[in-house]
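For reference, the structure is listed below as structure tokens.
Letters A, B, ... mirror the listed sequences (proteins, then strands); counts begin at 1.
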Amino acid sequence: AHTWSAIISAHAKLGKAETALHLYHKMMVLGSKSDKYVFLAVLKACSTLSHVKLIHDHIIQSGLQSIVMIGNAMIDLYAKLSSLEEARAVFDKLLNRDAVSCNTMIAACTQYGKLFQALDCFKKMQGDGIEPDDVTFSSILIACSTVGAMKKGRLIHHQIVERDLQLLVNVGTALADMYGKCGSLIDLLDAFRSLPYRDIVSWGALIAGCVQCGKPHLAMKYFQEMQGEGFTPN
RNA sequence: GCUUCGA
């Protein structure tokens, strides 16, 4: 199974989804048993709901549905290909939820523009003794930015600083993004300057944020500066 | 060989 999962996931990562699914089919025909890594690899190759449902059935038949990593992948896929309700159904049934489960659910709520549900999930995970991590905070910030909730974003910002998580690029960039989308140029620049390093994504958040804040000339200035630091615009 | 976030 480990050699099958390696080759299936390699194809899935390279975007060769059909080939990955064919290999999975071949593996079954040859009578090899799937383990959790095979399922994770083949789930990555699923681009339609019907594929996901089919694999989900196989997972249930194998009795592997209660494995956290599998459940987490299912939450993500149902959110992206089906509906928030279906994602939540998997989330609710999962008994050994971890931070990734909650992060995935929060990102799912965000995708559907449900800030209140995202915040509720954030609150409940802490009630359940699951520690929020950097991914949790970056996801919650994106939820705030998509609905322009700067006041809530600031409260989250304080919790981030308490843990020094603003020093991580993903969190720092999400902060910059949130302030930019909410129109606070000062806070946007402050978040950007606190980043441990800059990459193409953080530059993008800065430039888009300047535009959002009504400062197109500043955006142009940073666009030049970005190229001066060797980044090619994407 | 392994799931979630900043585009």
Side-chain angles (χ1 to χ4, degrees), chain A residues 1-13 20 23-24 27 32 34-46 52 55-56 59 64-80 87 90-91 94 96-111 118 121-122 125 130-146 153 156-157 160 165-181 188 191-192 194-209 211-212 226 231-234:
Chain A
H2 38 304
T3 150
W4 279 110
S5 66
I7 191 144
I8 292 171
S9 81
H11 282 84
K13 277 179 192 161
L23 285 165
Y24 170 69
M27 186 202 78
S32 187
S34 302
D35 64 4
K36 64 173 173 175
Y37 296 111
V38 171
F39 285 128
L40 288 169
V42 72
L43 283 172
K44 209 199 307 282
C46 290
V52 174
I55 306 302
H56 197 176
I59 290 169
L64 266 38
Q65 74 276 53
S66 56
I67 291 176
V68 195
M69 279 188 179
I70 299 271
N72 294 346
M74 295 302 320
I75 296 167
D76 185 49
L77 284 166
Y78 278 132
K80 284 170 178 158
V90 176
F91 179 80
L94 197 60
N96 306 315
R97 280 173 293 205
D98 62 5
V100 175
S101 319
C102 301
N103 294 346
T104 308
M105 199 59 222
I106 289 169
C109 295
T110 303
Q111 188 189 323
C121 196
F122 177 63
M125 73 186 279
I130 301 171
E131 261 303 296
D133 61 12
D134 59 318
V135 176
T136 314
F137 285 106
S138 92
S139 300
I140 280 287
L141 286 171
I142 296 305
C144 294
S145 68
T146 53
I156 302 292
H157 190 168
I160 288 169
L165 291 173
Q166 76 284 3
L167 302 173
L168 298 177
V169 247
N170 59 345
V171 177
T173 304
L175 273 170
D177 178 75
M178 188 273 293
Y179 285 122
K181 289 207 174 96
L188 160 62
F192 183 78
S194 304
L195 292 174
Y197 62 87
R198 295 147 186 204
D199 63 14
I200 192 70
V201 180
S202 47
W203 277 110
L206 174 68
I207 294 166
V211 175
Q212 186 65 235
M226 177 190 91
F231 288 95
T232 306
N234 65 9

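- Ring geometry for A/Phe137 versus A/Phe122: interplanar angle over 60°, hence perpendicular rather than tilted (30 to 60°).
- Nucleotide B/rG1 holds its P atom 13 Å from the CG atom of A/Asp35, rounded to whole Å.
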Open item on the list: Walk along nucleotides 2-7 of chain B from 5' to 3' and tag each nucleotide B, S or - by protein heavy-atom contact under 4.0 Å, base first, then sugar-phosphate.
Closed with: BBBBBB

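- Looking only at distances, a side-chain donor or acceptor of A/Thr146 sits under 3.5 Å from a matching main-chain atom of A/Ala143.
- Residues satisfying the salt bridge (Lys or Arg N to Asp or Glu O under 4.0 Å) criterion with A/Lys80, sequence neighbours excluded, are A/Asp76.
- A side-chain donor-acceptor contact under 3.5 Å links A/Asp177 and A/Ser145.
- Between the P atom of B/rG1 and the CG atom of A/Leu64 lies a distance of 19 Å, rounded to the nearest Å.
- Aromatic rings from A/Tyr24 and A/Trp4 are positioned such that their centres are separated by 6.0 Å or more.
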